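Shown next, in structure tokens, is the structure this report addresses.
Note that the structure is predicted; figures quoted are calculated from it, not measured. Within every chain, numbering begins at 1; the chains are lettered A, B, ... in the order of the sequence lines, protein sequences first and strands thereafter.
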Amino acid sequence: MTQAVAQTIHRDPALVYWVLFPITVVMIMTGILRHYATVLMQSAPKKLDAKGTREQRSLLRGINLRINASVISPQSFQARKAYFVSSCHSGAFLKEPENRGKPPPNPMTDPAGMEAMMGMMRGNMAMMIPQTLIMSWINAFFSGFIIMKLPFPLTIRFKSMLQSGVATQDLDVRWVSSLSWYFLNLFGLQSVFTFILGDDNAANQMAQQMAQMNPAAAASLFQPGQDPDKLFLSEAENVEVLEHKWILDGVEGRLLKDLA
Amino acid sequence: MSSPLLHLPAHLTPSAALHISQQAPLLLQDQPSLSLPFLYSSESTEKWAIYEHLLLACLRTGDDKSARLCLERLSNRFGATSERVMGFKGMYQEAVAEDDATLERILKRYEDILVEDPTNTVGLSFTLAVVTTLANFEEPIAKRRITLLRSMPKPEEAISALVKLLDMSPTDAEAWSELSDLYLSQGLYQQAIFSLEEVLLIAPNAWNIHARMGEVIFISLNASVSANDVDVEKGLSESMRWFCRSIELCDDYLRGYYGLKFMSGRLLPLLSKNHNGASTSGGAESGSNLQFSLATVQKLNQLATAKLSEIVRKSSAGDWAEYGYGRAEVIAARELLDRDKQPMER
């Protein structure tokens, strides 16, 4: 292949002012708007009622007992074990003891689950609607525009990324189409938003998608639809089979060996 | 802003509190202005943390005016119905209350709030003076009520309220240690030990709680009238073990060494007296081998003495604060060492 002559396309300089900047500014403004809209639409996290708290924390206490059993004396451990196991079996910690053994409520009809889903829906909507609008705006007015040339060469692989909406085979990869500029903005503005809005902004959709993929961080110990009774029973079993060893046994020997 | 304001130590010395509260008028001068939300996110958590710390310090030093201002700022920002603000407000009212009748009224109000919302256990740490370094901020009103009950003093009611709180939230280390303290003040030693064990289950590496356990066991030993030599020896050994563990977790812990030295000093004459009898029979009866040999105790005693004299020597050079020891602790340690130097007196 011969040394390709650098392609030149005569662009109207007004393209920069009337297409490139507007798209960028609109993208940034939507991000900021979305951030504030999300903040306003956020419903306060729902508070657990006393019984729910008791249920969760009793389970946590059981887990603590299993993990940290070595700090207490064998007698104390046996007493606690007996108490925890018998309470688990009798369902004393449960929020609704009368619901034992029944199948868990359907998450679709459970009002608590509904609310969470509504919250997620709203988040998704706040993201999707503006993006759809902007994309159709670009498609309607600027479709097929070549709006800038990158100052560095790129391999052919980037063609689909930088020239979507422009189906020209021989065009150099360095030319960027309006639609691609939109996509680059969509994915690349995170640091700009961090600069403007601070760390935990809701402006970028990528961050939101990450949050959705990892809901384990949510405060609730119990997933909706999980039977707390089963969790208690399995925890009781874990505690029951635990082999107890007191860390105070032989501590003086360890101490003398370490320090003397 | 200044860093000591931001990271308030759990155990604030009086002088530090005074220092902080003296800065209050200066810090409160600048009115919170409307900030441009676009480019300027000055609304930082630190700012409000500083206000909270300022409020606490001012309450301690009796600067009620500044405290009032802090409280107003907080409630303007977060609304008077915020649990935390409610807790702070209760604290303020308790501090400015002049007679018992006012306190009773405050108590009544807490109860009303709790009837409306039983989970409102906003977590302001109990009292500023309680010997707990585990301060988590949860459940304020319920805890305020308990604190008030305790200071009024109605310890029985405080205990039953705490037990109720802990039934709902059994993973609250702060509440457990408070309960243990209350039980101890009522002379219910087994219950106090149980509560401390719960604290340890939540915070297994809390060396101060380990040392506290040793202390409580020793106190309960002293209180029991019917203890014979074997029981005393067993109790002392157990107490000593807790101190050992405490030192194992934190090998500069003055309180741990103090306890170790004290207990081993008590144990030595006992052991040497019935060395032959007890050490053979005692080990078999309890499941875990609780008995120490005379040599081990002697070694432990020497270790504690050496470490304590080192700490005292360093501290008497004047830089005790640098090592994080309290003045009173160092003085007590020196006194213990001096007592040891003239053993003939006792």
Side-chain angles (χ1 to χ4, degrees), chain A residues 28-29 32 35-36 39 44 47-80 84 92-93 194-201 221 244-260, chain B residues 37-41 43-44 83 117-121 139 164 166-173 193-194 196-206 209-210 213 237-238 240-249 251 260 264 286-290 292-293 296-297 299-300 302-304 306-307:
Chain A
I28 294 178
M29 294 304 270
I32 293 172
H35 170 71
Y36 284 107
V39 169
K47 239 178 117 171
L48 266 180
D49 57 336
K51 289 211 144 176
T53 319
R54 178 164 179 269
E55 189 181 61
Q56 287 201 356
R57 300 203 176 159
S58 300
L59 183 60
L60 268 181
R61 185 188 184 192
I63 294 172
N64 274 339
L65 174 63
R66 172 167 53 89
I67 297 172
N68 301 329
S70 58
V71 296
I72 55 176
S73 65
Q75 297 93 317
S76 312
F77 176 72
Q78 292 306 335
R80 278 178 172 77
F84 183 71
F93 295 134
T194 309
F195 173 67
I196 301 176
L197 296 168
D199 266 338
D200 48 348
N201 63 65
L221 193 64
H244 185 260
K245 191 171 176 302
W246 197 14
I247 201 156
L248 254 62
D249 279 338
V251 63
E252 66 281 346
R254 292 199 302 267
L255 193 68
L256 284 175
K257 219 174 100 204
D258 278 357
L259 295 179
Chain B
F38 260 69
L39 298 171
Y40 190 65
S41 44
E43 168 104 89
S44 53
E83 290 182 351
D117 177 11
T119 53
N120 188 340
T121 43
E139 341 204 303
K164 228 176 104 193
L166 281 169
D167 177 61
M168 193 187 84
S169 158
T171 49
D172 191 336
I193 291 172
F194 178 90
L196 278 182
E197 281 174 349
E198 284 294 332
V199 178
L200 282 180
L201 283 175
I202 297 162
N205 293 334
I209 302 294
H210 277 92
M213 189 73 127
S237 322
E238 201 184 337
M240 206 169 92
R241 269 163 197 275
W242 285 105
F243 283 115
C244 285
R245 176 70 185 151
S246 166
I247 295 166
E248 194 181 33
L249 287 167
D251 55 10
L260 182 59
S264 53
S286 66
S288 64
N289 173 23
L290 264 180
F292 286 109
S293 69
T296 322
V297 178
K299 264 190 225 152
L300 284 172
Q302 282 160 8
L303 175 73
K307 189 75 189 178

Under 4.5 Å between any side-chain heavy atoms of [X] and [Y], yes or no?
X        : Y        : answer
B:Glu197 : A:Ser73  : yes
A:Leu255 : B:Leu260 : yes
A:Leu256 : B:Leu300 : yes

Calculate, to the nearest 0.5 Å, the distance between atoms [atom1] and [atom2] belonging to [X] and [Y] respectively.
X        : Y        : atom1 : atom2 : result
A:Gln56  : B:Thr171 : CD    : OG1   : 9.5 Å
A:Ile247 : B:His210 : CD1   : NE2   : 7.0 Å
B:Leu166 : A:Arg57  : CG    : CZ    : 10.5 Å
B:Ser237 : A:Leu248 : OG    : CG    : 11.5 Å

Checklist entry - Taking 4.0 angstrom as the limit, do B:Glu198 and A:Arg80 come out as a salt bridge? => result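 Result for this pair is yes, salt bridge flagged.
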Item to check | Qualifying residue for side chain to side chain contact (heavy atoms under 4.5 Å, CB included) with A:Glu252, from B:Glu248, B:Arg241, B:Met240, B:Lys299 | outcome: B:Arg241
Checklist entry - Tell me, side chain or backbone of B:Phe194 under 4.5 Å from chain A's heavy atoms, or both, or neither? => result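 Both parts, backbone and side chain.
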Checklist entry - Measuring heavy-atom distances to chain A, does B:Asp167 have an atom under 4.5 Å in its side chain, in its backbone, in both, or in neither? => result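 Contact with chain A: backbone and side chain both.
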Item to check | Best-contacting candidate, A:Leu65, A:Ile67, A:Ile72, against chain B by heavy atom pairs under 4.5 angstrom | outcome: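 Highest number of heavy-atom pairs under 4.5 Å: A:Ile72.
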